Amino acid sequence: MSELKVYNSYSRQKEVFEPITAGHVGMYVCGPTVSGESHLGHARPYITFDVIFRYLQHLGYKVRYVRNITDAGHFEEEGRDAIDKISSKAVLEKLEPMELVTKYTNLFHWAMDQFNTLKPSIEPTATGHIVEQIEMIKAIIDAGYGYEVNGSVYFDVKKYAASHDYGKLSGRVLDDLLATTRELEGQEEKRETADFALWKNAAPEHIMRWQSPWGVGYPGWHIECSAMATKYLGAKFDIHGGGMDLLFPHHESEIAQSTICNHTAPVRYWMHNNMITIDGRKMGKSYNNVIKLTELFSGTHPLLAKAYHPMVIRFFILQTHYRSTLDFSNEALQGAEKGLKRLWDTYEKLQKLEYIDQDNVVDKELETRITKQLAEFDEFMNDDFGTARVLANMFEIVPVINSMNDKIIPIASISNDVFVLLKEKMKTFVEDIFGLKGITEADNEKLQGVMDLLIEIRKDAKSKKDFVTSDKIRNELTKLGITLKDEKGGGMSWNIE
RNA sequence: GGUCCUUUGGCCGAGUGGCUAGGCAGAGCUCUGCAAAAGCUCGUACAGCAGUUCGAAUCUGCUAGGGACCUCCA
């Protein structure tokens with residue numbers, strides 16, 4: 001079998017994946033900022049890296065997957081009056097940042113469960129690691145790369161760049177950054193515009209604040225990831241992931257901080273997922289075009305023609321390579337919904353199918369084709385996680401499975417060995433690696449019993465050519481949103497819309 | 001303005017120097033009491049121009065459109 005290759009944003013090419021410690025993988029993914037609700041765009045990295053996490057485990061690696069919660073910063077709840085921050089109100093009336101952060105952390109976890117993502121091995125919070133961040137800043141100052149101004153600490157990018165490869169990850173040229181004329185907050189304190197904050201002095205109205213050697217303040221925007229990644233994965237670890245929009249300045253800054261602090265480049269493979277776009281434009285708060293996950297699941301957004309099941313979103317995302325942009329539209333999502341349904345129905349049929357031996361019916365050509373397509377599941381995943389190509393292969397196999405199920409072709413068209421392999425591989429990839437589930441949950445035993453009864457009555461009616469009764473059962477169920485299908489051979493199946 | 005990326009059939013999207021991805025939608029047919037599923041068949045696309053090549057949608061250049069980052073951002 002081929003070896004795993006991943007596209008490294010740092011080198012801008014695919015590289016063979018070799019873990020630093022044999023058999024183990026350390027992976028850090030930038031998590032959500034929990035000052036507001038997650039939207040569709042946020043779903044992409046977490047689903048992408050969930051599949052990567054699952055696939056690495058499938059390959060036999062012991063993976064430590066760290067995904068942080070950014071719960072420190074300059075927070076305000078959307079729509080909430082800024083005056084809330086001022087301490088003239090009673091404690092219970094005031095905006096309590098930890099309450100805000102807890103609310104959106106819970107909502108985030110709920111959404112991730114809906115997507116069937118596995119929980120990270122460690123999910124550290126920024127507020128829980130203030131001490132580590134302060135220590136790291138101290139080390140950077142001691143090393144001569146940080147300087148304090150008015151209770152804030154900045155990283156000296158120019159000095160760093162003199163002896164290090166600053167800007168390589170994001171393709172930035174320092175001179176261009178130094179030449180910028182943009183007016184940005186706190187700019188006057190910095191020695192150079194390209195410098196970034198490690199620690200910020202907190203204004204009186206700033207609601208999240210901690211004591212530090214430089215006075216009361218809060219950590220800079222990039223230090224949390226460096227501190228927590230170092231703590232849980234070590235000075236140098238295998239994979240660091242996140243959205244492409246984090247390339248600069250976030251990840252570039254992380255490299256600089258960690259390199260000074262730990263005397264080594266922190267990450268072996270940088271991986272970045274591309275954006276989800278809507279009308280060709282990145283979905284983001286500043287563009288005012290976000291669709292929140294709760295809106296997506298419930299269909300309550302002017303742009304949505306209907307509600308979309310979380311699994312549809314997951315499937316939608318997997319149908320594209322993670323480094324390509326993915327354009328949102330109702331048409332595309334409905335296409336994904338239909339596709340997932342067909343794949344899942346067929347998958348369930350396959351798992352129920354039993355091999356039936358039969359002489360002289362093996363179709364060598366078909367068997368070779370199936371074997372090849374199954375082997376390609378691994379090939380495609382090993383080639384920088386080509387989930388879209390694996391799905392395409394699955395859809396090539398779908399008609400074969402359906403034909404077997406409908407007895408259009410004998411199951412013995414392929415040998416028992418290949419049949420068993422087919423079942424196993426489909427299960428591994430569909431459920432274990434892609435993390436897909438059925439859209440309809442019909443696991444209710446009592447309902448199952450009722451349906452069995454109705455099906456029996458309908459079969460009776462049909463055998464007596466009493467189509468009035470049989471149609472009534474089916475039509476009334478349809479009105480309730482339950483589809484009853486006659487199958488070849490007299491069986492009946494059903495599912496809930 | 002700088003850096004980088006991208007442009008594939010009605011829609012979404014793989015892929016890549018020769019071997020027509022796939023999904024959705026659409027058309028026809030088969031099966032079926034009807035329906036729904038399912039199966040079969042069909043569309044022959046790679047922004048434009050020029051070049052490299054025996055051969056390019058795939059490489060190079062130019063032109064045009066779109067986008068990301070340069071500021072918090074998945």
Side-chain angles (χ1 to χ4, degrees), chain A residues 12 29-33 35 38-49 70 73-74 167 170-173 175-177 179-185 187 194 196 221 241-250 252 272-277 279-287 290 315-316 319-321 323-343 345-346 349 380 383 386-396 398-403 405-409 462 465-467 470-471 474-475 478 483-488 492-495:
Chain A
R12 291 162 201 242
V29 174
C30 289
T33 300
S35 61
S38 299
H39 60 73
L40 176 59
H42 296 120
R44 171 105 103 144
Y46 307 129
I47 289 172
T48 297
F49 287 100
T70 298
H74 194 157
S170 58
R172 222 55 34 147
V173 179
D175 287 342
D176 294 344
L177 294 171
T180 185
T181 55
R182 296 182 72 147
E183 290 290 328
L184 296 168
E185 188 197 350
Q187 204 79 296
F196 57 88
W221 301 296
M244 277 184 182
D245 49 356
L246 297 180
L247 231 33
F248 189 89
H250 188 57
E252 198 69 69
H272 293 91
N273 62 275
N274 215 133
M275 302 292 104
I276 286 183
T277 59
D279 291 326
R281 172 156 265 120
K282 171 185 167 184
M283 186 177 285
K285 209 169 157 183
S286 40
Y287 294 118
V290 302
F315 179 81
F316 179 61
Q319 258 190 317
T320 309
H321 186 83
R323 280 189 289 110
S324 300
T325 55
L326 207 203
D327 199 47
F328 162 89
S329 71
N330 280 287
E331 210 178 347
L333 235 35
Q334 280 167 34
E337 184 175 39
K338 292 249 179 74
L340 171 61
K341 196 170 174 324
R342 190 155 90 95
L343 179 67
D345 283 352
T346 302
K349 285 180 201 164
F380 293 158
D383 186 11
T387 56
R389 287 202 276 166
V390 174
L391 285 173
N393 268 23
M394 286 181 181
F395 276 108
E396 297 250 23
V398 159
V400 176
I401 296 169
N402 282 324
S403 294
N405 189 248
D406 290 345
K407 302 190 169 49
I408 293 170
I409 62 169
K462 274 188 71 176
K465 299 241 186 289
D466 177 8
F467 297 123
S470 68
D471 284 353
R474 189 177 61 198
N475 294 340
T478 304
T483 311
L484 203 56
K485 287 180 279 194
D486 291 346
E487 296 192 325
K488 295 205 168 54
M492 289 180 200
S493 66
W494 60 279
N495 61 54

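Note on naming: letters A, B, ... go to the chains in the order of the sequence lines (proteins, then strands), and numbering restarts at 1 for each one. In this text the structure is predicted, and so the values were computed from the model without any measurement.
The two residues A/Asn405 and A/Lys349 make their nearest non-hydrogen contact at OD1-CD, 3.3 Å. Between A/Ser170 and A/Phe248, the shortest heavy-atom contact is OG-CD1, 3.3 Å. Residues A/Met394 and A/Leu343 share a closest heavy-atom pair of CB-CD1, 3.9 Å. Minimum interatomic distance between A/Lys462 and A/Ser470 (heavy atoms only, all atoms of both residues): CG-CB, 3.7 Å.
No more than 12 heavy atoms of other residues, nucleotides or ligands lie within 6.0 Å of CG in A/Asp279, so this atom counts as exposed by the packing criterion.
Inspection of the A/Thr346 and A/Asn402 side chains reveals an N or O donor paired with an N or O acceptor under 3.5 Å.
Taking only distance into account, the side chain of A/Lys285 never meets the base of B/rC72 through a donor-acceptor pair shorter than 3.5 Å.
Taking atom CZ of residue A/Arg323 and atom P of nucleotide B/rA14, one finds them 11 Å apart after rounding to whole Å. Taking atom NE2 of A/His272 as the reference point, atom P of B/rA68 lies 17 Å away to the nearest angstrom. With rounding to whole Å, A/Met244 atom CE is found 9 Å from B/rA68 atom C1'. Residue A/Lys282 contributes atom NZ, which lies 13 Å from atom P of B/rU71 at whole-angstrom precision. Rounded to whole Å, the distance from NE2 on A/His250 to C1' on B/rC70 is 17 Å. Here B/rU71 presents its C1' atom at 16 Å from CD of A/Glu252, a figure rounded to the nearest Å. One can place CG of A/Leu246 at 10 Å from P of B/rC69, the figure rounded to the nearest angstrom. Remark: C1' of B/rG23 and CG of A/Asn393 are 13 Å apart, rounded to the nearest angstrom.
Stacking is found between A/Phe467 and the pyrimidine-like six-membered ring of the B/rG33 base under the 5.5 Å centre-distance and 30° plane-angle cut-offs.
One C1' atom belongs to B/rU8, the other to B/rU58, and the distance between them is 11 Å to the nearest Å. Taking atom P in both B/rA38 and B/rA25, the straight-line distance is 10 Å, to the nearest Å. Nucleotides B/rC5 and B/rC24 place their C1' atoms 27 Å apart, quoted to the nearest Å. When the C1' atom is compared between B/rU53 and B/rG61, the two are found 16 Å apart, to the nearest whole Å. Spacing of P atoms, B/rC49 relative to B/rA64, comes out at 15 Å, to the nearest Å. Using C1' as the reference atom, B/rC46 and B/rA14 are 12 Å apart when rounded to the nearest Å. The gap from the C1' atom of B/rG15 to that of B/rA21 amounts to 7 Å, rounded to the nearest Å. Here the separation of B/rC11 from B/rA37, taken at their C1' atoms, is 24 Å to the nearest Å.
Consecutive Watson-Crick or G-U pairs involving RNA chain B, each under 3.5 Å on both distances, make up stems of three or more pairs at B:1-7 with B:64-70, B:10-12 with B:22-24, B:26-30 with B:38-42, B:47-51 with B:59-63.
The structure places NE2 of A/His272 at 4.5 Å from CG of A/Leu247, a figure rounded to the nearest 0.5 Å. Once rounded to the nearest 0.5 Å, the distance linking CG of A/Leu326 with OG1 of A/Thr277 reads 7.0 Å. Note: A/Met283 CE to A/Met275 CE = 11.5 Å, rounded to the nearest 0.5 Å. Taken from NE2 in A/His321 to CZ in A/Phe380, the straight-line distance is 13.0 Å, to the nearest 0.5 Å.
Among B/rA14, B/rC24, B/rA74, the nucleotide with an atom closest to any side-chain atom of A/Ile276 is B/rA74.
Between A/Lys341 and A/Asp345 there is a salt bridge, since a side-chain N of the basic residue sits under 4.0 Å from a carboxylate O of the acidic one.
If you check every strand for non-hydrogen atoms under 4.0 Å, A/Glu337 touches nothing. Across all strands shown, A/Gly280 has heavy atoms under 4.0 Å from sugar-phosphate atoms exclusively, and none from any base. Looking at heavy-atom distances under 4.0 Å, A/Met394 makes no contact with the nucleic acid at all.
Phosphate proximity of B/rA74 to A/Tyr287: absent, as no side-chain N or O sits under 4.0 Å from OP1 or OP2.
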Protein-proximity profile, nucleotides 34-40 of chain B, B/S/- by nucleotide at the 4.0 Å heavy-atom cutoff, equals BBBBSSS
Counting primed atoms plus P, OP1 and OP2 as sugar-phosphate and everything else as base, spell out the protein contacts along nucleotides 2-13 of chain B at 4.0 Å heavy-atom distance: B, S or - for each nucleotide, 5' to 3'.
SS-------SSS
